[in-house]
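Each remark here refers to the structure printed beneath this line.
Residues: numbered from 1 along the sequence shown.
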Amino acid sequence: MTTIGEDAIERMARDHERMLDIIDRIRSVCSHPGETASCTGCPSTQQGVCHGNVEQLTRSFTESTLKHLLIESMLMDERVPAAHRSAHNQAHTDIARQLKSIRVVFSEDKNCVLAVEGIERIHQTLLTHFRDYDAPLESYLAQSTLQAQA
């Protein structure tokens, strides 16, 4: 029988995997990242398909990520030291700002290349977040699980 802490750790790992999978899918849509500053270098038929796919995947990524951040915030109760909780929530705010920036830029200029570049930046942010904030959170949850079983 799994505990709430174990379930939460598994859920976080699944969420991380899903977010990274969506990032990979976004990357695969644009076949010309870094080659041009905009989508104008691509044929118009490709631009339409690319735009729709990038828009849909970016929306899915944003929703998945924000939902994950909310769940993490809910998991941080008295088991998590206040200093970690505060820093972790600030990191969530920073990620949310990056997500908003990608969506705003994309909705204003429809430039898939810039959206993919924004996703690349947030990818690095998330990897750092997983290491610096989520791994310690998982440890706190695991410790509380062990204490509850004792």
Side-chain angles (χ1 to χ4, degrees), residues 1-35 37-39 49-150:
M1 179 177 205
T2 61
T3 65
I4 293 172
E6 291 168 329
D7 287 343
I9 292 168
E10 288 175 21
R11 167 76 186 264
M12 288 173 59
R14 281 193 312 271
D15 285 355
H16 292 170
E17 212 172 286
R18 175 167 167 65
M19 289 184 287
L20 295 174
D21 178 59
I22 297 171
I23 288 171
D24 287 341
R25 291 173 59 201
I26 292 169
R27 286 174 173 155
S28 71
V29 169
C30 182
S31 59
H32 301 290
E35 292 182 19
S38 71
C39 299
V49 171
C50 186
H51 175 72
N53 289 335
V54 169
E55 182 176 36
Q56 179 184 3
L57 288 167
T58 301
R59 183 178 296 122
S60 178
F61 175 71
T62 299
E63 290 170 1
S64 295
T65 303
L66 291 175
K67 182 178 176 183
H68 172 75
L69 299 179
L70 177 63
I71 289 168
E72 278 186 9
S73 292
M74 291 179 354
L75 291 171
M76 290 188 280
D77 56 14
E78 69 279 348
R79 298 172 286 193
V80 178
H84 177 83
R85 196 169 45 239
S86 177
H88 199 148
N89 283 325
Q90 180 58 49
H92 287 172
T93 301
D94 295 342
I95 290 169
R97 280 190 197 118
Q98 279 186 282
L99 290 168
K100 180 181 178 183
S101 175
I102 292 167
R103 299 277 300 145
V104 166
V105 167
F106 187 65
S107 68
E108 287 176 355
D109 67 13
K110 312 294 187 225
N111 187 336
C112 293
V113 173
L114 291 179
V116 171
E117 288 173 356
I119 293 296
E120 289 295 339
R121 285 189 297 278
I122 203 161
H123 176 240
Q124 291 306 310
T125 300
L126 285 174
L127 292 177
T128 300
H129 180 84
F130 296 163
R131 181 193 67 224
D132 294 349
Y133 296 101
D134 291 355
L137 175 58
E138 290 173 5
S139 293
Y140 296 129
L141 293 171
Q143 286 173 2
S144 68
T145 297
L146 291 174
Q147 291 169 353
Q149 292 174 346

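With a 4.5 Å cut-off on side-chain heavy atoms, Glu55 and Arg59 count as touching. Within the 4.5 Å cutoff, no side-chain heavy atoms of Leu69 are placed close to those of Thr93. Using a 4.5 Å heavy-atom threshold, the side chains of Leu70 and His92 count as separate. Inter-residue side-chain proximity for Arg25 and Asp21 is flagged as met; some heavy-atom pair is nearer than 4.5 Å. A heavy-atom distance below 4.5 Å is found between the side chains of Phe61 and Ile122. His123 has its side chain within reach of Arg27: a pair of non-hydrogen atoms, C-beta onward, lies under 4.5 Å apart. Between His16 and Leu126, the closest side-chain pair of non-hydrogen atoms is not below 4.5 Å.
A distance of 10.5 Å separates CD of Glu138 from CD of Glu10, quoted to the nearest 0.5 Å. Taken to the nearest 0.5 Å, the CE atom of Met19 stands 11.5 Å off from the OG atom of Ser60. One finds the OG1 atom of Thr62 at 6.5 Å from the CD1 atom of Ile119 (value rounded to the nearest 0.5 Å). Distance check: Ile9 CD1 to Ser139 OG gives 8.0 Å after rounding to the nearest 0.5 Å. Expressed to the nearest 0.5 Å, how far CG of Leu141 lies from CG of Leu75 amounts to 5.5 Å. Remark: Glu72 CD to Leu137 CG distance equals 6.0 Å, nearest 0.5 Å.
The shortest heavy-atom contact between Ile22 and Ser64 is CD1-OG, 3.9 Å.
For the residue pair Asp94/Gln98, the side-chain donor-acceptor check at 3.5 Å is not satisfied. Using a 3.5 Å distance cut-off with no hydrogens or angles, the side chains of His68 and Arg18 do not pair a donor with an acceptor.
Taking a 6.0 Å sphere around CD of Gln90, one finds it holds more than 12 heavy atoms contributed by other residues, nucleotides or ligands.
Taking the six-membered ring where tryptophan is involved, the planes of His84 and Tyr133 are tilted, since the angle between them lies from 30° to 60°.
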Assess whether salt bridge (Lys or Arg N to Asp or Glu O under 4.0 Å) is satisfied between Glu63 and Lys67, documenting all intermediate values.
CA-CA 6 Å; Glu63 290 170 1; Lys67 182 178 176 183; over 6 Å; no
Could you check Thr58 against Leu99 for side-chain contact (heavy atoms from CB on, under 4.5 Å), going step by step and ending with a plain yes or no?
CA-CA 9 Å; Thr58 301; Leu99 290 168; over 6 Å; no
Apply side chain to side chain donor-acceptor pair (under 3.5 Å) to residues His88 and Asp132 and explain how you reach the verdict.
CA-CA 9 Å; His88 199 148; Asp132 294 349; over 6 Å; no
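Residues Arg11 and Asp15 are paired through a salt bridge, judged by an N-O separation under 4.0 Å between the basic side chain and the carboxylate.
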